[in-house]
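Take a look at the structure set out below.
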Amino acid sequence: MTGPRIVIIGGGILGCTVAARLLECEPQARLSLVDQGLIGGGASMYSAGVHFPVGRSERVRRLSGASADYYQTLHARHPQLPMHGFDFFVAAGSADAEQVRARCAGLRPLSAEERRQVMPELPYGQEVWRMPDCHAMDVQGLAQWYARRLRERAELLEGVGVEAIREHVDGVSVLLSSGRSLAADAVVLCPGPWANEGCWRELTAALDIRVKKVVALHLQRPPEHGHALFFPVEDAFLAPLPQRGHWLFSYTCQQWDVTPDKCRQARVEARELDEAREALRGIAPALAQQLGSGRVFCDAYSPSREPLVQFVGRHQRILFAGAGNGSGYRLAPGIAAEALALLNHALTTG
Ligand SMILES: Cc1cc2nc3c(=O)[nH]c(=O)nc-3n(C[C@H](O)[C@H](O)[C@H](O)COP(=O)(O)OP(=O)(O)OC[C@H]3O[C@@H](n4cnc5c(N)ncnc54)[C@H](O)[C@@H]3O)c2cc1C
């Protein structure tokens, strides 16, 4: 017996997770995963891989919780995965406490003594809570780990671009830069920040995705025994990255409508350092001067700031999954589960 023929376009963390989860629940599927570059070499390569249970909407909190469970089970089965758990705390002024409790799952308030230990230099008037189930992952490493295992059961095509997609009532054909054409029952489109590029731009236009620069700065500070801090009002976090031996400060850069191919050439600029120092000054002033380098790329953002999982095109055969909104790693297993449920429904009822 043979299963459906599925082509996944985009071998970032999302495309790889969809592929892995598809073969978990549909072992007979005939799967091709295509990436124009190397697996995990898009936005996933730049990701800080920080996971924490936060979401502005009920759906995002659910996706985040489902993903945390998935990663914990995966790590328990494969302890060699590049995943490091740490304590993660949320800090905000008392006036914002209610909003914080609504956005972050499973918070526990800290006593005054615990608070002093966590961050003695925290500005006056800040409350601190502990968040459960937080970790940092080498996201590119995880994508490559998935890929190594997928190669035994699926066709992985790297360095091969998708040049045309033609949808018919009973299938899709995908034309590759290598000249080959793949016939599929369905395509899952996971293009990350390339959502508005290439041959699918007309299909995705109605999704109103915008691409924003994402900047995270590195702090030369030993990560051992460190705990991470999330500042929801500023939408910023400080986290140790034990796998890389330094800390990271992520703040919200507001440069919109960039393209991934241009962002490949982007470097940390003085303006970004100034913005980040300004953001850090209000939170942990002593650390502001340690910022000097970091990582710059971009991500796809939806109008609702929730990930998008929906069919594009006319025949329910091309499923878009993406718009990570800067959280595409920590939501990937949940997004993949939603994508597979929709795909399964379309293929069994179509
Ligand atoms: C600096 C930075 C820090 C971040 N930190 C975090 C974090 O701490 N936690 C978190 O959860 N998220 C974080 N993110 C966001 C997260 O990294 C992204 O949301 C996630 O990696 C997106 O994964 P993806 O698989 O959708 O996209 P990608 O990883 O970009 O994968 C898309 C793939 O599609 C391929 N592709 C594009 N066009 C074609 C074509 N024509 N043919 C074939 N293949 C094609 C690309 O080559 C690419 O590999 C961060 C992002 C950045 C930039």
Side-chain angles (χ1 to χ4, degrees), residues 7-19 32-52 54-55 60 63-64 67-68 71 134-140 142-143 146-147 157-165 174-178 187-201 209 211-218 228 230 237 239 241 248-253 258-261 263-264 266 268 272 294-302 307-308 320-336 339:
V7 172
I8 298 177
I9 301 174
I13 190 59
L14 187 54
C16 288
T17 310
V18 171
S32 301
L33 174 65
V34 187
D35 199 290
Q36 64 183 0
L38 294 177
I39 295 290
S44 301
M45 181 172 78
Y46 298 86
S47 187
V50 174
H51 189 288
F52 49 110
V54 172
V60 174
L63 290 175
S64 177
S67 299
Y71 286 134
C134 302
H135 68 258
M137 174 75 88
D138 167 1
V139 179
Q140 185 183 28
L142 176 62
Y146 278 133
L157 299 170
E158 294 178 285
V160 173
V162 170
E163 301 210 323
I165 304 178
V174 178
L175 184 66
L176 305 179
S177 59
S178 57
V187 162
V188 187
L189 191 52
C190 301
W194 284 266
N196 298 325
E197 312 282 322
C199 61
W200 49 75
R201 67 194 308 161
I209 290 171
V211 178
K212 187 179 83 60
K213 207 172 192 186
V214 181
V215 181
L217 296 158
H218 297 170
F230 173 50
F237 64 80
L241 296 186
L248 177 132
F249 177 58
S250 170
Y251 78 103
T252 305
C253 168
V258 296
T259 65
D261 294 333
C263 282
R264 285 280 192 215
V268 175
E272 283 142 6
R295 55 187 75 197
V296 184
F297 197 57
C298 58
D299 203 9
Y301 286 72
S302 67
L308 297 173
F320 176 89
N325 298 293
S327 301
Y329 161 69
R330 67 183 187 86
L331 304 179
I335 299 172

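Just follow the structure's listing: the first ligand is 1, and inside any ligand the first atom is 1.
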Using a heavy-atom cut-off of under 4.0 Å, does the side chain or the backbone of [X] touch ligand 1, or both, or neither?
X	answer
Pro191	backbone
Tyr301	neither
Asp299	side chain
Trp194	side chain
Cys190	backbone

Is a donor on one side and an acceptor on the other found under 3.5 Å between the side chain of [X] and the backbone of [Y]?
X	Y	value
Trp200	Trp194	yes
Ser44	Gly12	no
Asn196	Ile209	yes
Lys213	Cys263	no

Output the distance between atom [atom1] ([X]) and atom [atom2] ([Y]), rounded to the nearest 0.5 Å.
X	Y	atom1	atom2	answer
Phe230	Ser250	CZ	OG	9.5 Å
Ile335	Ile13	CD1	CD1	10.5 Å
Arg330	Ser47	CZ	OG	11.0 Å
Arg295	Leu248	CZ	CG	5.5 Å
Tyr329	Ser67	OH	OG	8.5 Å

Worksheet item: Any heavy atom of Gly161 sitting closer than 4.0 Å to ligand 1?
Response: yes

Check each atom of ligand 1 against the heavy atoms of [X] and keep those under 4.0 Å away; list them by number with element.
X	result
Ala48	3 (C), 4 (C), 5 (N), 6 (C), 8 (O)
Pro193	30 (O)
Gly326	6 (C), 10 (C), 12 (N), 13 (C), 14 (N), 15 (C)
Val162	40 (C), 41 (N), 42 (N), 43 (C)
Arg295	1 (C)
Gly10	33 (C), 34 (O), 35 (C)
Tyr46	1 (C), 2 (C), 3 (C), 53 (C)
Arg330	10 (C), 11 (O)

Worksheet entry | 4.5 Å side-chain heavy-atom contact, Phe320 and Pro191 |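 Yes; the side chains approach each other to less than 4.5 Å.
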
Worksheet item: Does Ile9, backbone or side chain, put an N or O under 3.5 Å from an N or O of ligand 1?
Response: no

